[in-house]
Amino acid sequence: GDLGFEGLTLWLLPEEPAPPVQGPLIEMEPIEFRTLQDAEMRISIRRSPTVGGGFRLTLNKRHGYWAIVDEEVEWVS
């Protein structure tokens, strides 16, 4: 699907190698389902693989909606 960024969106499996990246990098870990209505998802968003900086989100599915339950900021050093 389209994530709202200009440019190509590639969906890769965990072991699949990624081509060289230009622009924002969004990584999503496999979703952990406890039940169909109870699940957890982690997403990491970085400005670029070389510059760094970004954030990690942890989302839980509650009552049919995904809610952000944790956010970690990754500062550029």
Side-chain angles (χ1 to χ4, degrees):
D2 182 8
L3 299 175
F5 294 106
E6 183 177 322
L8 182 64
T9 300
L10 299 175
W11 294 93
L12 304 172
L13 296 174
E15 294 81 27
E16 201 171 348
V21 179
Q22 298 176 357
L25 180 65
I26 301 172
E27 298 174 286
M28 183 176 88
E29 296 177 16
I31 299 173
E32 297 175 18
F33 284 97
R34 290 175 281 283
T35 69
L36 289 177
Q37 294 302 315
D38 184 15
E40 183 171 288
M41 175 175 44
R42 291 180 196 85
I43 299 174
S44 176
I45 303 171
R46 290 184 282 167
R47 293 187 338 191
S48 80
T50 54
V51 174
F55 52 95
R56 295 181 56 82
L57 300 174
T58 301
L59 295 92
N60 281 356
K61 189 172 186 182
R62 296 181 180 165
H63 308 291
Y65 295 96
W66 287 100
I68 298 172
V69 295
D70 188 38
E71 176 186 19
E72 298 174 34
V73 176
E74 298 172 353
W75 298 102
V76 178
S77 54

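As the structure is a prediction and not an experimental result, all values here were calculated from the model.
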Write down the atom of Glu74, the atom of Ser44, and the distance for their closest heavy-atom approach.
OE2-OG, 4.3 Å
Grab the two heavy atoms, one from Trp75 and one from Val73, that are nearest each other, plus how far apart they are.
CE2-CG1, 3.4 Å
Under the side-chain hydrogen bond (donor to acceptor under 3.5 Å, both in side chains) rule, collect the residues that match up with [X], sequence neighbours excluded.
{"X": "Asp38", "answer": "Arg34"}
{"X": "Arg56", "answer": "Glu29"}
{"X": "Glu32", "answer": "Arg42"}

Are Val69 and Phe55 linked, directly or through intermediate hydrophobic residues, by side-chain heavy-atom contacts shorter than 4.5 Å (ILVMFWY only)?
no
As an exercise, state the distance from CE of Met28 to CD1 of Ile43, rounded to the nearest 0.5 Å.
6.5 Å
Report the distance from atom CG of Leu25 to atom CZ of Arg46, rounding to the nearest 0.5 Å.
4.5 Å
Give every residue pair that meets the side chain to side chain donor-acceptor pair (under 3.5 Å) criterion with at least one member in residues 62-72, sequence neighbours excluded.
none
Output all residues satisfying side-chain contact (heavy atoms from CB on, under 4.5 Å) with Glu16, sequence neighbours left out; order by chain, then residue number.
Leu12, Leu13
List the residues meeting side-chain contact (heavy atoms from CB on, under 4.5 Å) with Ile68, not counting sequence neighbours, and say none if there are none.
Leu57, Leu59
